[in-house]
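Hydrogens, waters and symmetry mates play no part in the numbers below; they use all other heavy atoms, side chains included. For clarity, every value in this text was computed on a predicted model and none was experimentally measured.
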Amino acid sequence: MKNEDDNLKKVPKENPFRVPEGYMEGLTARIMKQIPDEMPQIEPQEVSLWEKVRPILYLAAMFVGLGLFFEAIAYFDTSEEASIVSDSLLVNTEVPDQSLFTEEDSYNEDEDYLAYIEDWYADALIQEELNEEE
């Protein structure tokens with residue numbers, strides 16, 4: 001810490017940067033001489049149809065390329081695991097015949113679910129009591 005204080009004392013307190021003498025005199029006139037009297041006329045460039053359509057075509061080509069890439073992957077991936085995964089992603093759009101389902105079926109499903117929950121909680125309570133006794 002003391003070393004830093006010694007270094008700060010060695011630094012001169014004066015500003016080492018100076019403006020040359022006579023620099024500020026006539027500065028405005030020198031700047032105004034460098035500015036042109038008339039603004040240069042910039043001609044607007046014509047944009048061709050190709051330059052307008054090119055980004056859209058590139059985007060379309062990219063999507064076509066991605067589609068072909070994924071089609072190639074799906075074509076060459078003929079393993080059984082791939083077919084199982086792809087089959088599970090398919091959606092069945094057939095509407096089941098409503099005459100096959102009755103109210104008794106839904107009631108039985110509800111009873112089965114309630115019985116499952118009851119058994120699960122009973123097992124959990126038994127396990128909890130066994131753990132407390134130990």
Inspect the surroundings of CG in N15 and state if more than 12 heavy atoms from other residues, nucleotides or ligands are less than 6.0 Å away. yes
Let me have the donor-acceptor pairs involving side chains of residues 17-24, under 3.5 Å, with sequence neighbours excluded, atom names and distances please.
none

With side chains defined as the heavy atoms from C-beta onward, is the minimum distance between L59 and M62 less than 4.5 Å? yes
The reported gap from CG in L130 to CG in L125 (rounded to nearest 0.5 angstrom) is 11.0 Å
When every non-hydrogen atom of E25 is compared with those of R30, the smallest separation belongs to O-NH1, 3.3 Å
Tell me whether L114 is reachable from I117 by hopping between hydrophobic residues (I, L, V, M, F, W, Y) whose side-chain heavy atoms are closer than 4.5 Å. no
Any link between V64 and F70 through a network of hydrophobic side chains (Ile, Leu, Val, Met, Phe, Trp, Tyr) touching at under 4.5 Å? no
Approximate separation, where rounding is to 0.5 Å, of K33 NZ and I31 CD1: 12.0 Å
Would L66 end up clustered with Y58 when hydrophobic side chains under 4.5 Å apart are linked, directly or stepwise? no
Validation row: L57, W50 side chains within 4.5 angstrom (heavy atoms): yes
Nearest-0.5 Å distance that lies between atom CD in E46 and atom CD in E51: 10.5 Å
E118 atom CD, over 12 foreign heavy atoms within 6.0 Å: no
